[in-house]
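Okay, structure first, notes after.
Source: prediction; values computed, not measured. This chain uses plain numbering: 1 for the first residue, then up along the sequence.
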Amino acid sequence: MSSYREIIRQATGCGNTKAAKVEDVMRNVIFHSTLDWQTREELEDAARLAVEILRELALSR
């Protein structure tokens with residue numbers, strides 16, 4: 001498990017499975033990079049944004 005998932009879970013309240021998807025969106029859609037150069041605040045903001053992106057994608061299906 002990624003060390004970022006605890007930050008993601010704290011910022012969003014999601015479980016482990018969704019946290020993995022959120023992390024993937026953060027890496028590949030929001031930052032297009034690794035996450036190690038982000039501040040905790042940036043990671044928390046990106047996690048919440050990633051949850052919104054996943055929600056929108058689910059609604060569009």
Side-chain angles (χ1 to χ4, degrees):
M1 177 172 51
S2 161
S3 61
Y4 299 108
R5 293 201 189 143
E6 182 60 30
I7 295 171
I8 293 166
R9 287 195 309 269
Q10 289 176 2
T12 66
C14 67
N16 287 331
T17 302
K18 188 164 186 179
K21 293 176 185 177
V22 168
E23 182 178 347
D24 186 60
V25 171
M26 289 167 64
R27 290 178 186 279
N28 297 304
V29 177
I30 297 171
F31 294 119
H32 304 282
S33 179
T34 61
L35 302 177
D36 57 343
W37 56 276
Q38 303 299 324
T39 66
R40 183 178 182 98
E41 183 178 359
E42 290 171 325
L43 290 170
E44 291 169 349
D45 290 343
R48 288 186 283 271
L49 177 58
V51 167
E52 289 300 315
I53 290 169
L54 290 169
R55 186 176 296 134
E56 288 295 320
L57 287 172
L59 290 174
S60 69
R61 291 182 183 178

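In terms of heavy-atom proximity, Ile30 sits nearest to Ala46 at CD1-O, 3.3 Å. Taking every heavy atom of both residues into account, Ile8 and Cys14 meet most closely at CG2-SG, 4.0 Å. Annotation for Thr34 and Arg27: closest pair CA-NH1, 4.0 Å, computed over non-hydrogen atoms.
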Legend entry - Derivation of the side-chain contact (heavy atoms from CB on, under 4.5 Å) call for Tyr4 and Met26: CA-CA 10 Å; Tyr4 299 108; Met26 289 167 64; 5.9 Å; no

Inset, instruction - May I have the step-by-step check of side-chain hydrogen bond (donor to acceptor under 3.5 Å, both in side chains) for Asn16 and Arg9, ending in yes or no? - result: CA-CA 7 Å; Asn16 287 331; Arg9 287 195 309 269; 2.7 Å; yes

Legend entry - Stepwise side-chain contact (heavy atoms from CB on, under 4.5 Å) test for Lys18 and Val51: CA-CA 9 Å; Lys18 188 164 186 179; Val51 167; 4.2 Å; yes

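By the side chain to side chain donor-acceptor pair (under 3.5 Å) test, Arg55 is found to be paired with Glu52, residues two or more places apart in sequence or in another chain being considered.
When hydrophobic clusters are built by joining Ile, Leu, Val, Met, Phe, Trp and Tyr residues whose side-chain heavy atoms come closer than 4.5 Å, directly or via intermediates, Leu54 is not grouped with Leu59.
A side chain to side chain contact (heavy atoms under 4.5 Å, CB included) with Leu43 is found for one member of Gln38, Glu23, Gln10 and no other, namely Gln38.
Put simply, NE2 on His32 and CG on Asn28 are 8.5 Å apart, with the number rounded to the nearest 0.5 Å.
The pair Arg48-Asp45 counts as a salt bridge, with a side-chain nitrogen and a carboxylate oxygen less than 4.0 angstrom apart.
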